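Letters A, B, ... are given to chains in the order of the sequence lines, protein chains preceding strands, and every chain is numbered from 1. The structure presented is a predicted model; accordingly, all values stated were derived computationally and were not measured. Excluded from the calculations below are hydrogen atoms, water molecules and symmetry mates; all remaining heavy atoms, backbone and side chain alike, are included.
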Amino acid sequence: MSITKPRGTRDFLPEDMEQRRYIESIMRDIVKKWGYREIMTPTFEHLDLFTLKSGETIVDELYNFTDKGNREMALRPELTAPVMRMYTNELQATSKPLKLYYFENCFRYERPQKGRYREFWQFGVELIGSKKEDADAEVIALAMSILDAIKVNGTLNVGHLGVIRHILKELDTEHQSNIMRYVDKKDDTGLDDYLENINATASLRRNLFELISIQGDDALEKAKEVVGDIEELQYFKNVLNILDIYEIPYNIDFGIARGLDYYTGIVFEIYADNLGAQNQVCGGGSYQLIKLFGGGDVPSTGFGIGFDRLMQICDLVCPKPKNLMIISTDNTRSEAIKIGQRLREIVPTQVDLMHRNFKAQLSHANNIGADHVLIVGEKELELGKFTLKDMNTGYQETIHIDDIIDRLTS
RNA sequence: GCCGGGGUAGGGUAGCGGUUAUCCUUUAGCCCUGUGGAGGCUAAGAUCCGAGUUCGAUUCUCGGUCCCGGCCCCA
């Protein structure tokens with residue numbers, strides 16, 4: 001075997017795909033019930049789309065290339081930016097709120113490990129156009145609802161970047177960004193050293209550490225003592241109140257920073273058990289990207305679900321597809337083909353393609369897990385009836401073709 | 001970019017200086033020309049690549065490569 005699949009990619013076998021499509025269809029059903037409609041964006045985009053907000057350093061993690069027209073391109077590493085680009089290009093005049101969802105593959109040039117691949121699938125939604133708490137809460141509720149539907153237990157952590165940014169507002173953006181990185185990693189020592197280096201004021205340091213350590217039911221009260229009665233805190237509280245109405249449990253965590261710089265308000269992450277180092281299955285929040293792409297000041301909220309990670313922990317079992325095999329002989333082969341054409345209308349039907357003997361055909365039917373076998377032999381042709389055998393029970397009966405259809409559909 | 005552990009038929013494995021490279025499974029077929037799952041038989045199919053040591057390397061050494069896990073990173 002000289003040619004193998006590229007590093008970090010996977011082949012999906014028929015059993016894999018049946019399972020993946022099954023889970024996918026459940027997820028699609030949920031978002032459709034909430035009124036979200038599917039979109040698709042290009043697999044590759046102009047490199048600028050991804051570097052605009054994140055800087056040149058992310059090019060290291062992108063699959064990028066120069067096309068034959070000397071344009072810098074990149075395979076999409078995520079879908080929020082492409083969707084916002086699409087919105088800006090062609091959807092600005094639509095009625096709000098705009099509810100979109102996607103299920104697509106993404107590419108990142110990273111070192112593969114458990115739950116991390118170079119080609120991976122993301123399922124996500126973007127809710128565009130509402131600046132109300134209800135929109136943020138709905139997106140979170142929807143994410144939880146999806147995980148619930150596929151029986152994945154997740155722990156929801158919610159935060160609001162506006163609160164922590166309130167403390168940091170006197171610092172320049174680069175310092176803020178670096179601080180957020182330490183906060184996200186929960187690296188208190190590194191954070192302390194960094195604050196020391198940039199000569200942060202004592203009150204800022206005290207407030208910051210107090211805020212990120214806040215936990216528990218009275219978290220909002222405690223936060224109020226640290227930052228005061230600010231607008232962002234009230235907004236956050238309102239979102240949480242709506243989550244209570246949805247009856248969704250959550251942990252408040254002011255330390256959620258998210259990897260992406262574009263989040264501005266509510267942020268949330270959902271962690272699954274039993275997933276090792278890469279246990280975050282969903283992440284999202286609200287952001288202001290559209291302005292950046294030349295559109296108006298349109299608030300949006302969205303999330304992305306790591307589909308592959310879900311597949312590793314979801315134990316929902318895909319129902320086995322029906323499968324009928326027609327057994328024939330050299331003399332009845334044409335009749336078998338004709339009958340197959342009829343049966344295919346109601347059940348997946350296969351005919352012998354290898355001119356096997358009778359026993360070998362039956363054996364093959366068994367190997368591929370056929371539910372039923374229909375014997376189209378010379379005896380049956382004379383009779384005008386065929387033998388239908390249930391492969392699970394072994395029961396068989398000789399019946400007319402029209403009755404077979406009734407039998408299989410009942 | 002860094003650190004570990006690994007690469008022997010399609011899948012799973014044994015051998016650890018000289019073998020016809022082991023066994024299981026798989027696939028195709030036969031025993032058995034109209035009744036599957038069992039059994040027996042036949043066939044197909046492998047030492048990741050390169051260099052070195054050696055009379056001789058699947059085995060030892062080095063390099064590469066790929067896979068698996070962890071770090072960094074995760075827009």
Side-chain angles (χ1 to χ4, degrees), chain A residues 1-11 13 15 45 47-64 74-82 84 106-118 120 122 177 180-182 184-185 187 190 257-263 269 275-280 283-285 287 289 292 304 306 309 325 327-332 352-383 386-398:
Chain A
M1 184 67 81
S2 55
I3 298 179
T4 58
K5 64 186 184 313
R7 183 166 169 73
T9 63
R10 288 156 297 160
D11 292 320
L13 307 183
E15 299 77 42
E45 298 265 5
L47 180 65
D48 295 346
L49 176 63
F50 304 112
T51 55
L52 201 55
K53 182 65 186 178
S54 320
E56 291 296 324
T57 55
I58 66 140
V59 173
D60 295 340
E61 292 151 22
L62 290 174
Y63 266 99
N64 62 311
L75 301 182
R76 60 181 168 221
E78 51 106 19
L79 278 143
T80 300
M84 290 309 116
C106 298
F107 306 84
R108 295 185 191 182
Y109 197 89
E110 294 179 298
R111 182 75 193 253
Q113 53 183 278
K114 189 179 178 65
R116 173 189 286 180
Y117 306 95
R118 288 185 170 177
F120 58 98
Q122 273 205 352
S177 180
M180 293 306 281
R181 196 156 299 149
Y182 284 114
D184 194 39
K185 281 194 284 190
D187 180 2
R258 307 283 302 133
L260 295 143
D261 278 345
Y262 55 64
Y263 290 105
E269 297 178 336
L275 246 186
Q278 310 295 327
N279 67 340
Q280 191 188 315
Y287 52 86
L289 267 181
L292 200 63
R309 292 179 184 178
M325 186 86 211
I327 290 181
S328 56
T329 68
D330 286 341
N331 295 328
T332 63
D352 171 53
L353 301 174
M354 296 186 56
H355 292 204
R356 283 185 167 113
N357 65 35
F358 190 91
K359 191 180 178 97
Q361 286 185 55
L362 201 53
S363 179
H364 180 246
N366 187 60
N367 288 339
I368 63 170
D371 311 286
H372 289 89
V373 147
L374 184 70
I375 299 169
V376 177
E378 287 157 40
K379 289 181 199 167
E380 283 81 1
L381 268 191
E382 286 171 26
L383 262 176
F386 304 96
T387 304
L388 182 67
K389 175 169 184 140
D390 184 317
M391 291 297 278
N392 297 313
T393 64
Y395 175 76
Q396 64 182 47
E397 58 189 323
T398 302

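- By the side chain to side chain donor-acceptor pair (under 3.5 Å) test, A:Glu397 is found to be paired with A:Arg407, residues two or more places apart in sequence or in another chain being considered.
- The interatomic distance linking A:Lys114 (NZ) with B:rC71 (P) rounds to 13 Å, in whole Å.
- If you take CG of A:Leu13 and P of B:rU26, they are 17 Å apart, rounded to a whole angstrom.
- Nucleotides B:rA46 and B:rU58, compared at atom C1', are 10 Å apart to the nearest Å.
- A:Arg356 comes within contact range of the sugar-phosphate backbone alone, with a heavy-atom separation under 4.0 Å but no base atom that close.
- The backbone N or O of A:Glu45 sits nowhere less than 3.5 Å from a side-chain atom of A:Arg76 that would complete a donor-acceptor pair.
- At whole-Å resolution of the value, NZ in A:Lys5 and P in B:rG10 are 14 Å apart.
- Going from atom CG of A:Asn279 over to atom P of B:rC74 covers 16 Å, rounded to whole Å.
- Of the nucleotides present, none pairs with B:rU58 by Watson-Crick or G-U wobble criteria with both distances under 3.5 Å.
- Taking atom P on both nucleotides, B:rU59 is separated from B:rU47 by 13 Å, rounded to a whole Å.
- Look at the C1' atom in both B:rC30 and B:rG63: the space between them is 50 Å, to the nearest Å.
- In this structure, B:rA38 makes no Watson-Crick or G-U wobble pair, since no nucleotide meets both defining distances under 3.5 angstrom.
- Backbone-only engagement by A:Gly8 is indicated by non-hydrogen atom pairs under 4.0 Å involving sugar-phosphate atoms exclusively.
- B:rG63: Watson-Crick or G-U partner is B:rC49, with both key distances under 3.5 Å.
- For B:rU13, there is no paired nucleotide, since no Watson-Crick or G-U wobble pair has both relevant distances below 3.5 Å.
- One P atom belongs to B:rG50, the other to B:rG70, and the distance between them is 32 Å to the nearest Å.
- No donor-acceptor contact under 3.5 Å links the side chain of A:Arg7 to the base of B:rC68.
- In this structure, CD on A:Glu61 lies 8.0 Å from CZ on A:Arg108, to the nearest 0.5 angstrom.
- Of the C1' atoms belonging to B:rA14 and B:rC24, the separation is 11 Å, rounded to the nearest Å.
- Distance alone, capped at 3.5 Å, is enough to place a donor-acceptor pair between the A:Arg118 side chain and the A:Glu110 backbone.
- What separates OH of A:Tyr182 from C1' of B:rC73 is a distance of 14 Å, to the nearest Å.
- Under the Watson-Crick and G-U wobble criteria, each requiring two contacts below 3.5 Å, nucleotide B:rA43 is paired to B:rU27.
- When rounded to the nearest whole Å, the span between CG of A:Leu353 and P of B:rA28 equals 12 Å.
- Atom C1' of nucleotide B:rG11 and atom CG of A:Asp11 are separated by 14 Å, given to the nearest angstrom.
- Residue whose closest nucleotide on RNA chain B sits further toward the 5' end, between A:Pro77 and A:Thr9: A:Thr9.
- As rounded to the nearest Å, B:rU8 and B:rU13 have C1' atoms that lie 9 Å from one another.
- Pairing of B:rG69, defined by two Watson-Crick or G-U wobble distances under 3.5 Å, is identified with B:rC3.
- Atom OH of A:Tyr63 has more than 12 neighbouring heavy atoms from other residues, nucleotides or ligands inside a 6.0 Å radius.
- Comparing the C1' positions of B:rA51 and B:rU65 gives a spacing of 14 Å, expressed to the nearest Å.
- Straight-line distance between the P atoms of B:rC49 and B:rG10: roughly 13 Å, to the nearest whole Å.
- The closest donor-acceptor contact from the side chain of A:Glu380 to the backbone of A:Gly377 lies under 3.5 Å.
- One finds the CZ atom of A:Phe107 at 10.0 Å from the OG1 atom of A:Thr9 (value rounded to the nearest 0.5 Å).
- Phosphate proximity of B:rC71 to A:Gln113: present, with a side-chain N or O under 4.0 Å from OP1 or OP2.
- Rounded to whole Å, atom C1' of B:rG70 lies 11 Å from atom CZ of A:Arg116.
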Per-nucleotide protein contact along nucleotides 31-38 of chain B, 5' to 3', at a 4.0 Å heavy-atom cut-off (B base, S sugar-phosphate only, - neither), is -B-BBBB-
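- Between B:rC74, B:rG70, B:rG29, one nucleotide has an atom nearer to the side chain of A:Arg111 than all others, and that is B:rG70.
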Taking only distance into account, with no hydrogens and no angle test, what donor-acceptor pairs under 3.5 Å do side-chain atoms of residues 358-365 of chain A form with protein atoms, sequence neighbours excluded?
residue: A:Gln361; atom: OE1; partner: A:Ser328; partner atom: N; Å: 3.1
residue: A:Gln361; atom: NE2; partner: A:Ser328; partner atom: O; Å: 2.7
residue: A:Gln361; atom: NE2; partner: A:Arg356; partner atom: O; Å: 2.9

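- The two atoms that bring A:Leu79 and A:Gln122 nearest to each other are N-OE1, 4.3 Å, heavy atoms only.
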